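Read through the structure below, which is laid out as structure tokens, and then see the notes.
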Amino acid sequence: MPVPERQNAPLLLETRGLDDYSLVDSGHGRKLERFGRITLIRPEEQAIWAPRLDDSVWAAADATFTGDTEEEGAGRWKRRNGQGDEDWICRHGDLRFTCRFTSFRHVGAFPEQEAHWRLMQDRLPGMGDSPQVLNLFGYTGLASLVAAGAGAGVTHVDASKKAIAWAKENQTLSGLDESPIRWICDDAMKFAAREVRRGRRYQCILLDPPKFGRGPKNEVWRLFDELPPMIDLCRQLIDPEAGLILLTSYAIRSSFLMLEELCRDSLLAPLGGRLDSGELVLVGEDGRRLSTSLFARWSAV
Ligand SMILES: C[S@@+](CC[C@H](N)C(=O)[O-])C[C@H]1O[C@@H](n2cnc3c(N)ncnc32)[C@H](O)[C@@H]1O
């Protein structure tokens with residue numbers, strides 16, 4: 001098979017926030033975010049630069065996640081002024097969702113996924129009468145609800161009963177109880193394989209697999225082992241004429257932006273000149289590109 005030509009330079013999908021979310025500041029290994037009425041501090045390894053806002057702004061945060069700095073690691077929330085652990089509701093457009101403090105540092109929404117939501121809202125209405133969307137590892141269901149809101153029939157799969165209950169709660173809050181969403185508590189790989197055997201086809205597949213996870217019957221998910229066969233199943237499930245596959249991975253936490261933003265503050269701002277950044281890539285004989293490292297290059301002229 002011929003190797004397809006390279007098409008795009010690195011693309012940055014930018015999300016500036018949600019109606020009820022903003023990244024307020026970052027630095028010294030942490031980020032300060034606002035989810036609706038609650039401000040949070042969470043660890044962010046890539047924020048090696050200095051925060052821009054005053055200490056007093058950070059000190060006023062409602063909750064700080066302490067403990068494991070691993071992306072998937074467990075930890076605790078320290079609440080300011082002994083506030084309770086009550087849930088709160090956030091919104092974005094027609095979407096309403098419950099936020100709550102989990103021991104895995106998340107509060108139920110990944111706001112940067114809005115870039116995927118926007119694309120679905122653009123594309124799904126042009127995909128026929130009732131385009132079918134498969135959301136694997138769907139968590140609290142925000143992408144499923146956006147797809148349903150855009151007129152799709154949705155199959156949402158997650159291994160956790162708790163996550164599915166949370167997603168259904170968000171469905172009710174968003175006024176989408178009548179929408180055609182199938183909530184399925186299953187192992188994503190097993191379910192996808194079953195759908196292939198049934199000859200099912202989807203117009204859109206979303207998958208946001210964790211680095212490590214377990215299905216409801218303790219099926220083990222390891223990203224680096226399981227992703228290739230999973231993508232193979234997706235290839236068999238996707239509508240080859242009009243399909244869209246949106247794959248996200250949080251397993252690789254470094255970005256050239258870490259260097260870029262640091263050098264922007266530390267070199268470009270005081271010295272002027274020119275800053276370039278990206279990845280250093282080895283190209284194999286077959287044209288396959290292997291990323292070895294990230295770079296930022298400052299030059300006076
Ligand atoms: C990080 S979340 C995905 C975030 C979500 N896509 C979003 O944007 O809000 C990962 C989800 O995968 C689920 N999960 C982990 N292992 C699984 C497996 N083997 N099969 C199905 N779901 C699994 C977890 O229960 C969790 O809800």
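Keep in mind the model is a prediction, meaning the values are calculated, not measured. Remember, it's 1-based here, ligands and their atoms both numbered in the order they're listed.
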Could you pull out every donor-acceptor pair under 3.5 Å between side chains of residues 181-193 and any protein atom, sequence neighbours left out?
{"residue": "R182", "atom": "NE", "partner": "T155", "partner atom": "OG1", "Å": "3.2"}
{"residue": "R182", "atom": "NH2", "partner": "T155", "partner atom": "OG1", "Å": "3.1"}
{"residue": "R182", "atom": "NH2", "partner": "E195", "partner atom": "OE2", "Å": "3.4"}
{"residue": "R182", "atom": "NH2", "partner": "Y202", "partner atom": "OH", "Å": "3.3"}
{"residue": "W183", "atom": "NE1", "partner": "Q171", "partner atom": "OE1", "Å": "3.0"}
{"residue": "D186", "atom": "OD2", "partner": "R194", "partner atom": "NH1", "Å": "3.0"}
{"residue": "D186", "atom": "OD2", "partner": "R194", "partner atom": "NH2", "Å": "3.0"}
{"residue": "D187", "atom": "OD2", "partner": "K190", "partner atom": "N", "Å": "3.1"}
{"residue": "K190", "atom": "NZ", "partner": "E219", "partner atom": "OE2", "Å": "2.8"}

To the nearest 0.5 Å, tell me how far S174 OG sits from I89 CD1.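 So the OG of S174 and the CD1 of I89 are separated by 9.5 Å.
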Please state whether [X] comes within less than 4.0 angstrom of ligand 1, counting heavy atoms only.
X	value
D187	yes
D158	yes
P210	yes

[X] neighbourhood, listing ligand 1 atoms whose heavy-atom distance to it stays under 4.0 Å:
X	answer
F110	1 (C), 4 (C), 7 (C), 9 (O)
G215	19 (N)
D186	20 (N), 21 (C)

Output side-chain donor-acceptor pairs under 3.5 Å for residues 138-148, partner residues at least two apart or in another chain, one line each.
{"residue": "T140", "atom": "OG1", "partner": "G108", "partner atom": "O", "Å": "2.7"}
{"residue": "S144", "atom": "OG", "partner": "N135", "partner atom": "ND2", "Å": "2.9"}
{"residue": "S144", "atom": "OG", "partner": "H156", "partner atom": "ND1", "Å": "2.8"}

From CA spacing to verdict: side-chain contact (heavy atoms from CB on, under 4.5 Å), Q203, V133: CA-CA 6 Å; Q203 278 64 51; V133 173; over 6 Å; no
What do the steps show when you test F110 against W117 for ring-ring contact (aromatic ring centres under 6.0 Å, His included), and what is the final call? CA-CA 11 Å; F110 291 77; W117 304 348; over 10 Å; no
Hey, does [X] come in under 3.5 Å of ligand 1, counting only N/O atoms on both sides?
X	result
W221	no
A163	no
D208	yes

Between F97 and W166, is a ring-ring contact (aromatic ring centres under 6.0 Å, His included) present by the stated rule, with each step listed? CA-CA 9 Å; F97 52 96; W166 193 343; 9.6 Å; no
Answer with yes or no after comparing the ring centroid distance for F137 and W221 against a 6.0 Å cut-off, counting only values under it.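 For F137 and W221, the ring centres are under 6.0 Å apart.
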Is the contact between M189 and ligand 1 made by the side chain, the backbone, both, or neither, using heavy atoms and a 4.0 Å cut-off?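 Neither part.
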